[in-house]
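Accompanying notes for the structure given below.
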Amino acid sequence: RRMGLGPSGEPVPIRFGGKLTGKIGSGNVGMLNVQTDDSQFGAGQNYTAVRWKQDVMGRSSIGALFTNVQGADGEFNRVLGADVDFTFFDHLFVSGFVAGMSDSDVEDNPWAGQFSVGWDTDKLGASADVTYIDEDFDSDLGFILRRDIIRQNYQGRWSSRPGGAFLRRTSL
């Protein structure tokens, strides 16, 4: 999102870059590498992202992500994460991710994570979701809306289909 752009959107020259995406068997792969040139904002940086997502058990998947932003001065920001998305019995879903960060300007190793579980049918639905983002978690190659949060979300739903000409479904 910020490769080739300065702090206020000014252009930064890109020396080279490449992207590879595709499918290998039941897996999906994505790789990106971009090198920016020196500019008024400082020395050039190298941006790398690698993503793998493997389909498992029909409608489920597991995945991994690695990003690295490396400056010529030795400064870096790295994120390593894993995610899961499982569906069981056609109605039960469980998903989540965990990611850790390493940065040359941060002493500890902050992390972020999310866990969701739910049940969804035509008549009934229920879900719970918990998200945690450490106050120092940051990805130079990603986008994080808010830091230092623990967010919880719980939902329930009941639906009916009355079968009228103008009313097809009601939900509470």
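Of all heavy-atom pairs spanning S139 and N77, the tightest one is CA-OD1, 3.6 Å. For the pair L5 and G9, the tightest heavy-atom approach, listed with the atom from each and the gap, is CD2-O, 3.5 Å. Residues D38 and G44 come closest through the heavy atom pair OD1-N, 2.8 Å. Smallest separation of non-hydrogen atoms from M101 and D103: CE-CB, 3.6 Å. In plain terms, the two heavy atoms of Y154 and A128 that are nearest each other are CD2-CB, 3.5 Å.
A distance of 8.5 Å separates CG in N153 from OG in S116, rounded to the nearest 0.5 Å. Annotation: the span from N109 atom CG to L80 atom CG amounts to 11.0 Å, rounded to 0.5 Å. Within the model, atoms CG of D105 and CG of D136 stand 11.0 Å from one another, a figure rounded to the nearest 0.5 Å. A distance of 7.5 Å separates CH2 of W52 from CG of N28, quoted to the nearest 0.5 Å. Here the CH2 atom belonging to W119 is positioned 13.5 Å from the OG atom belonging to S127, to the nearest 0.5 angstrom.
Side-chain contact check for L141 versus M3: some heavy-atom pair is nearer than 4.5 Å. Inter-residue side-chain proximity for Y47 and T67 is flagged as unmet; no heavy-atom pair is nearer than 4.5 Å. With a 4.5 Å cut-off on side-chain heavy atoms, V117 and F115 count as touching. Inter-residue side-chain proximity for V29 and L20 is flagged as unmet; no heavy-atom pair is nearer than 4.5 Å. Put simply, the side chain of R51 reaches to within 4.5 Å of the side chain of D83, judged on heavy atoms.
Under a hydrophobic clustering in which Ile, Leu, Val, Met, Phe, Trp and Tyr are joined whenever their side-chain heavy atoms come within less than 4.5 Å, directly or via other members, L167 and L172 fall into different clusters. When the side chains of ILVMFWY residues are joined at heavy-atom separations under 4.5 Å, either directly or via intervening members, V130 and I149 end up in two distinct hydrophobic clusters. When hydrophobic clusters are built by joining Ile, Leu, Val, Met, Phe, Trp and Tyr residues whose side-chain heavy atoms come closer than 4.5 Å, directly or via intermediates, V106 is grouped together with V79.
Although no hydrogens or angles enter the test, the distance criterion places a donor-acceptor pair under 3.5 Å between the side chain of S39 and the main chain of F41. Looking only at distances, a side-chain donor or acceptor of S104 sits under 3.5 Å from a matching main-chain atom of F76. Of the possible donor and acceptor atoms, none in the side chain of D37 sits under 3.5 Å from a partner among the backbone N and O of R15.
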What donor-acceptor contacts under 3.5 angstrom involve side-chain atoms of residues 84-91, with partners at least two apart or in another chain?
residue, atom, partner, partner atom, Å
D90, OD1, R59, NH1, 3.2
H91, ND1, D120, O, 3.0

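For the side-chain contact (heavy atoms from CB on, under 4.5 Å) criterion with Q70, the lone passing option out of E75, R78, Q35, Q45 is R78.
Side chain to side chain, N46 and T48 meet the donor-acceptor criterion of an N or O pair below 3.5 Å. No hydrogens or angles considered: nothing links the side chains of S61 and Q54 as a donor-acceptor pair under 3.5 Å. Between D129 and Q114, the side chains place a donor N or O and an acceptor N or O closer than 3.5 Å (distance only, hydrogens not considered).
Between D55 and K23 there is a salt bridge, since a side-chain N of the basic residue sits under 4.0 Å from a carboxylate O of the acidic one. Under a 4.0 Å N-O distance rule, the pair D122/R157 does not qualify as a salt bridge. Electrostatic pairing of D138 and R147 counts as a salt bridge here, judged by a charged N lying under 4.0 Å from a carboxylate O.
Under the ring pair (Phe, Tyr, Trp, His ring centres under 6.0 Å) criterion, Y132 pairs with W111, not counting sequence neighbours.
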